[in-house]
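Both counts, for ligands and for their atoms, begin at 1 and track the order of listing.
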Amino acid sequence: MCGILGYVGSKQAGPIILKGLRQLEYRGYDSVGIATIDHGRIELRKDAGRVDAVEKKLHFGDMIGVYGIGHTRWATHGPPVQKNAHPFVDESGKFVLIHNGIIENYLELKEVLRAQGVAFSSDTDSEVLVHLIAKVYRGDLLKAVFSILPRLQGAYALCVLHTDSREIICARNGSPLIVGVGNGENFVASDVSALVEHTRRVIYVRDFEVVRVGEHEVTCFTFEGKPVAHEVKEVSWNIEQAQKQGHKHFMFKEILEQDKVVEESLKVVFSCARSWNRIHIVACGGASYAGLLGKYIIEEVARIPVSFEVGSEFRYRKPLIGKGDLVVVISQSGETADTLAAVRLAKECGAHTLGIINVVGSTMAREVDEVVYTRTNGPEISVASTKAFLAQCIAMYQLAYHLKGGVFEFAGFGGYIKSLIELSESIKLVAQRYALYPNFIFIGRNRNFPLALEGALKLKEIAYIHAEAYQGGELKHGPLALVCEEMPTFAICPQDEFHDKMLSNIQEVKARRGRVVALGTAGDTKLAGLADDIFYLPAVDALLYPLLESVVLHLFAYHIADMRECDIDKPRNLAKSVTVE
Ligand code: F6R
């Protein structure tokens with residue numbers, strides 16, 4: 001949440017930062033701002049709104065100065081208005097700062113600063129940082145940053161500039177921060193996508209580190225001021241993979257890439273120990289549905305008990321875990337605050353942590369005892385996860401077979417996914433008939449239930465349609481009261497051992513005049529006779545259907561959202577990387 005970016009070199013900073021912020025916009029799109037320094041003077045432009053809308057008014061590309069910082073905001077403290085947009089300048093006009101995270105004790109710090117005569121210009125927690133630094137500054141920006149860190153509670157990646165020194169000072173505690181190492185120029189950013197156009201050589205800054213980024217050198221320190229060494233790593237993907245490549249939305253492009261994702265994902269290898277007292281799976285949002293699928297599949301395939309919980313709940317319980325337990329966390333970003341807190345708690349309890357993570361070098365990837373990276377054919381940019389979700393589901397099957405002592409195989413998987421992607425136009429035609437319904441129910445049984453949850457989540461988040469998911473058998477315990485002509489049901493009903501039970505559930509819906517869209521197996525005439533609309537999956541082993549279902553669910557939500565003219569890649573109120581609680 002919030003994207004931060006800094007540049008120091010010999011080129012005009014404005015256009016470079018502007019371009020980078022476009023890449024970071026998925027992290028927050030409430031406001032945007034850039035500050036550059038030219039001839040000892042800060043130039044600041046910022047406003048509420050999306051990058052391109054604000055650029056039209058403020059022309060960031062014209063900003064001169066060869067070093068600067070920029071920010072896209074996902075509002076936490078204070079509404080998304082101009083005064084709350086970053087960067088923030090101190091009262092002397094010499095310091096300028098951006099921040100990602102939350103300063104939990106900002107009210108207390110604000111009072112202290114107010115008592116010293118500081119007048120605040122925003123409602124944010126972040127603004128305290130620039131005033132604190134200005135107050136303690138005695139000619140050395142690095143020292144000033146070191147000296148305020150012990151006073152901060154909360155999470156932050158911050159970058160600060162001073163008009164008199166051509167360098168960016170950054171500090172990290174709990175929010176992502178990466179340094180891009182160039183030739184006579186260096187970058188800092190929340191993630192690689194913002195700088196990969198300029199350099200693929202990066203340093204993953206760790207928590208409790210301060211970095212001085214100059215034009216020609218990058219120096220890292222601990223919070224105590226001790227220099228620390230860092231390996232410069234090579235990023236494996238390129239800028240083309242982080243662009244839309246002619247598609248209207250990243251989400252659509254990322255759905256289309258999934259045959260390649262399957263190909264790559266099938267190469268992933270698990271090597272963790274096989275014998276555990278108990279396995280716990282923890283994740284958030286869509287990733288948690290992949291985790292719930294994992295519970296079904298691991299218990300079915302490996303016959304090991306698995307408990308499942310979302311990160312925001314797990315972290316505040318006293319979970320019954322300890323030595324001999326395996327805690328599996330699943331995360332695309334590797335930065336989700338609740339999942340990360342679960343990792344820390346699990347480690348404290350003595351459990352072994354295994355991360356199934358997409359973003360290489362992310363905080364979670366570095367903190368877990370063991371990491372297995374999902375392979376998604378380049379970064380996932382759309383806020384709504386599609387290809388990473390599929391990769392996470394595949395990883396669950398691979399883990400299940402590994403725990404059993406075998407290897408997961410699915411002959412023809414990539415081809416099946418390709419054929420489902422090719423259904424896009426016919427899914428669009430059906431989606432047209434459902435685009436105006438304000439509510440939806442999704443049903444599925446057993447291992448198909450997590451997919452029902454995923455289908456409902458996608459409709460909520462990108463099409464703003466209220467959707468709920470239930471196990472088919474649960475309908476009669478309450479939700480059936482909602483079913484009527486205005487409440488369609490999406491039934492996931494492949495030819496598996498629950499097929500007949502699902503047909504009965506669909507009958508219950510039809511008897512209440514509910515419309516049914518079904519996802520079934522090719523050749524299922526019984527289902528075709530009941531459903532108003534139907535999409536077919538190829539016939540495969542019953543265990544494997546969940547791996548084919550998400551493509552159709554994602555395309556269905558995508559086309560509905562597109563018809564409703566929603567901002568698909570950047571749904572309102574959301575951000576891709578949820579680094580706050
Ligand atoms: C849904 C979606 C979110 C994420 C969730 C976890 O489409 O993308 O629900 O799955 O915020 O994020 P990660 O996987 O980054 O931990």
Side-chain angles (χ1 to χ4, degrees), residues 1 3 26-28 74 174-176 190-193 249-252 254-255 258 281-294 308-315 327-343 353 355-365 367-368 371-374 376 379-396 442 450-465 467 469 550-551 553-558 561 566-581:
M1 318 203 111
Y26 73 88
R27 299 181 64 86
W74 186 82
S175 301
S190 300
D191 85 35
V192 174
S193 62
H249 299 104
F250 276 111
M251 182 177 175
F252 192 61
E254 288 161 6
I255 291 173
Q258 291 181 99
I281 300 181
V282 186
C284 295
S288 80
Y289 304 147
L292 180 59
L293 175 64
F308 158 82
E309 200 156 15
V310 292
S312 52
E313 289 293 313
F314 182 91
R315 65 181 293 187
V327 174
V328 181
V329 293
I330 308 168
S331 176
Q332 187 286 129
S333 61
E335 302 293 346
T336 301
D338 289 323
T339 313
L340 184 58
V343 170
T353 52
I356 296 173
I357 291 161
N358 197 40
V359 176
V360 175
S362 54
T363 311
M364 232 179 278
E367 290 204 14
V368 287
V371 61
V372 169
Y373 285 113
T374 42
T376 53
E380 187 178 71
I381 309 273
S382 158
V383 164
S385 182
T386 54
K387 59 178 182 170
F389 174 77
L390 180 59
Q392 290 163 349
C393 292
I394 297 170
M396 291 295 102
F442 282 69
L451 276 292
L453 287 164
E454 171 65 7
L457 176 66
K458 284 295 179 290
L459 214 51
K460 280 182 272 214
E461 72 177 329
I462 63 166
Y464 312 145
I465 291 177
S550 65
V551 174
L553 293 163
H554 290 163
L555 281 169
F556 185 68
Y558 172 80
C566 296
D567 195 347
I568 294 181
D569 285 335
K570 296 178 189 119
R572 67 186 177 210
N573 308 336
L574 302 180
K576 186 144 188 79
S577 186
V578 189
T579 52
V580 295
E581 274 196 67

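Atoms of ligand 1 found under 4.0 Å from any heavy atom of L457, numbered from 1 in the order shown, are 1 (C), 9 (O). The atoms of ligand 1 that sit less than 4.0 Å from any heavy atom of A287 are 10 (O), 14 (O).
Taking a 4.0 Å cut-off on heavy atoms, K458 registers as neighbouring ligand 1. Residue contact annotation: T339 has no non-hydrogen atom under 4.0 Å from ligand 1.
In this structure, Y289 contributes its side chain and L457 its backbone to no donor-acceptor pair below 3.5 Å.
Looking only at heavy atoms of the protein, atom 4 (C) of ligand 1 is closest to G286 N, 3.9 Å. Looking only at protein heavy atoms, the nearest one to atom 16 (O) of ligand 1 is T336 OG1, 2.4 Å. Remark: minimum distance from atom 15 (O) of ligand 1 to any protein heavy atom is reached at S333 OG, 2.6 Å. Atom 6 (C) of ligand 1 has its closest protein heavy atom at C284 O, 3.2 Å. Atom 7 (O) of ligand 1 has as its closest protein heavy atom E461 OE2, 2.4 Å. The protein atom (non-hydrogen) at minimum distance from atom 14 (O) of ligand 1 is Q332 N, 2.6 Å. Among all non-hydrogen protein atoms, the one lying nearest atom 11 (O) of ligand 1 is V578 CG2, 4.0 Å.
Under 3.5 Å, the side chains of E335 and T363 contain a donor-acceptor pair of N or O atoms. Using modelled atom types, one finds a donor on one side chain and an acceptor on the other under 3.5 Å when comparing E380 with S385.
Distance check, rounded to the nearest 0.5 Å: OG of S362 to OH of Y373 gives 5.5 Å. The line from SG of C566 to NE2 of H249 is 9.0 Å long, rounded to the nearest 0.5 Å.
When the salt bridge (Lys or Arg N to Asp or Glu O under 4.0 Å) test is applied to K460, no partner is found at least two apart in sequence or on another chain. Annotation: salt bridge (Lys or Arg N to Asp or Glu O under 4.0 Å) contacts of E454 (sequence neighbours excluded): K458.
Between F389 and H554, the ring planes lie perpendicular to each other; the angle is over 60°, past the 30° to 60° tilted range.
Of all the heavy atoms of V383, the ones lying under 4.0 Å from any atom of ligand 1 belong exclusively to the backbone.
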